[in-house]
Amino acid sequence: MTATLIRNQKRLAEQAESIQSQVQTIAIVKNDAYNFGLKDTFDAFYHAGIRAFATTNLKEAKRLRSFDSTVEVLLLDPCTAFEELKANSITLSLPSFEFYTKYKEQLAGLSVQLVFRNDLNRLGFTDGSDMLTVLADKKLNVNGIWTHFAYADDFESDRYQHEVANWREVLNTVKDYLPSLTYIHAQNSASYLREGLHKNHTHIRGGVILYGTRPYYMGLDESIARQTVEVSANVIEITDVPAGQNAGYSAAFSAEKQTRLAVIDIGYGNGLILSRKNYPVLINQQSYPIQVMMMSHLLVEVDETVSVGDKVMIYSDQLRFDWFTENGAGSFSQQMAAFNKETFTEIFIPYD
Ligand SMILES: *Cc1c(COP(=O)(O)O)cnc(C)c1O
């Protein structure tokens, strides 16, 4: 038997449509679309009405362009392959004023967007005044401006309010140019869900919410995000461990009492995030603790009702990525990006 990963493209399309029908969305499809698969995700999102896509690397940007010649393809990271960008009509995000100064000549005729670095301190211009210089450069085709909030899911501090205020100041500095821009965007899933589309913005930049996961828990009903991935495995053996004996490598589990362990055919080699072992699995709708995670196996403590051949749910509508995130297992992207899809039996549910 083999563990199974279901990719539900039908739900993915419905999920994206539920957002795109409320607000113009630039879909974030970095890292093979959060590991869902770039082409399948593109098709679902396009079907949902989304016409702008963004990723961090040129290879994926070129693949996006190969799927369709008309959509907006935005590269989020810096890149100096200017001829390739032009040939593929890819919009480049300018990472700094220095980058602009250095490559001014090569940038002519290329479509670009300006990035404000903000409190994330990753990439971007440090203030609006340098942006004015670039916006005034007639040789450049600036079609947008953006920033990224690092604290949109932080409800405990005022850091989010701080970065929003910084950004407003930048927008105010460049306000004369805003009417000429097609893309003015800052908000990820969390920022959009907590505040709706900000004034004077044209789009959100959606990630997790499009993939069926709530970016935070508090006050968000689970019906706003239907999970698009399901992971299950199988009980392949039952072992009874007498009190005082151990199981797993380096005695990972020590039986204090006689213990019935189910051996499950999934492990970190399939890309299960290590923290997943701290939370239960479901077998026949009952919850059981994972005692040991190995490369290809889990040892789960079970009772007499569990037998060889039973299905073991790892992620499902009841075992949601966002529940694990809320309980400290790591973000959706950490859980999702880790999957090694090659190691699974894959089931694909298409949108039509
Ligand atoms: C990943 C990413 C997003 C999407 O964020 P979510 O929290 O998944 O909605 C948006 N913008 C940028 C620049 C990103 O890197």
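We count ligands from 1, going down the list as the structure has it; atoms in each ligand are counted the same way.
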Provide, to 0.1 Å, the distance between [atom] and the closest protein heavy atom, together with that atom's residue and name.
atom	value
atom 4 (C) of ligand 1	Tyr34 OH, 3.4 Å
atom 9 (O) of ligand 1	Ser189 OG, 2.5 Å
atom 14 (C) of ligand 1	Lys30 NZ, 3.0 Å
atom 10 (C) of ligand 1	His148 CE1, 3.4 Å
atom 5 (O) of ligand 1	Asn188 CB, 3.5 Å
atom 3 (C) of ligand 1	Ile28 CG1, 3.6 Å
atom 11 (N) of ligand 1	Arg205 NE, 2.8 Å

Under 4.0 Å, heavy atoms only, figure out whether ligand 1 is touched by the backbone of Tyr192, its side chain, both or neither. neither
At under 4.0 Å between heavy atoms, is it the side chain or the backbone of Arg122 that contacts ligand 1, or both, or neither?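 The answer is the side chain.
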Can you check whether Leu272's main-chain N or O pairs, donor with acceptor, with Asn270's side chain at less than 3.5 Å?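 Not confirmed, Asn270 side chain does not pair with Leu272 backbone.
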Between Arg117 (side chain) and Leu120 (backbone), is there a donor-acceptor pair under 3.5 Å? no
Centroid separation under 6.0 Å, is that true for the rings of Phe36 and Tyr211?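 So the answer is no for these two rings.
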Check each atom of ligand 1 against the heavy atoms of Gly207 and keep those under 4.0 Å away; list them by number with element. 4 (C), 6 (P), 8 (O), 9 (O)
Under a 4.0 angstrom heavy-atom cut-off, which atoms of ligand 1 come close to Val208?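 Those atoms are 6 (P), 8 (O), 9 (O).
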Could you tell me whether Arg11 and Asp317 have a side-chain N and a carboxylate O separated by less than 4.0 Å?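 Looking at Asp317 together with Arg11, the answer is yes, because their closest N to O distance falls below 4.0 Å.
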Charged N-O contact under 4.0 Å between Asp40 and Arg7: yes
Report yes or no: is the cationic atom of Arg51 (NZ for Lys, CZ for Arg) under 6.0 Å from the centre of the six-membered ring of Tyr46, at an angle within 45° of the ring normal? yes
Is there a nitrogen or oxygen of Leu76 sitting under 3.5 Å from a nitrogen or oxygen of ligand 1? no
Do any nitrogen or oxygen atoms of Ile209 lie less than 3.5 angstrom from nitrogen or oxygen atoms of ligand 1?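 For ligand 1, there is no N or O atom that lies under 3.5 Å from one belonging to Ile209.
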Candidate pair Phe97 and Tyr100, rule ring pair (Phe, Tyr, Trp, His ring centres under 6.0 Å), full reasoning: CA-CA 5 Å; Phe97 187 64; Tyr100 162 76; 5.8 Å; yes
Enclosure of Lys86 NZ (heavy-atom neighbours >12, cutoff 6.0 Å): yes
Table please: side-chain donor-acceptor pairs of residues 255-263 below 3.5 Å, with sequence neighbours left out.
from, atom 1, to, atom 2, distance (Å)
Lys257, NZ, Glu301, OE2, 3.2
Thr259, OG1, Lys257, O, 2.7
Arg260, NE, Asp303, O, 2.9
Arg260, NH2, Val306, O, 2.5

Run the contact test for Tyr211 against ligand 1 with a 4.0 Å cut-off on heavy atoms, strictly below, and give the result.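 Contact check Tyr211 vs ligand 1: negative.
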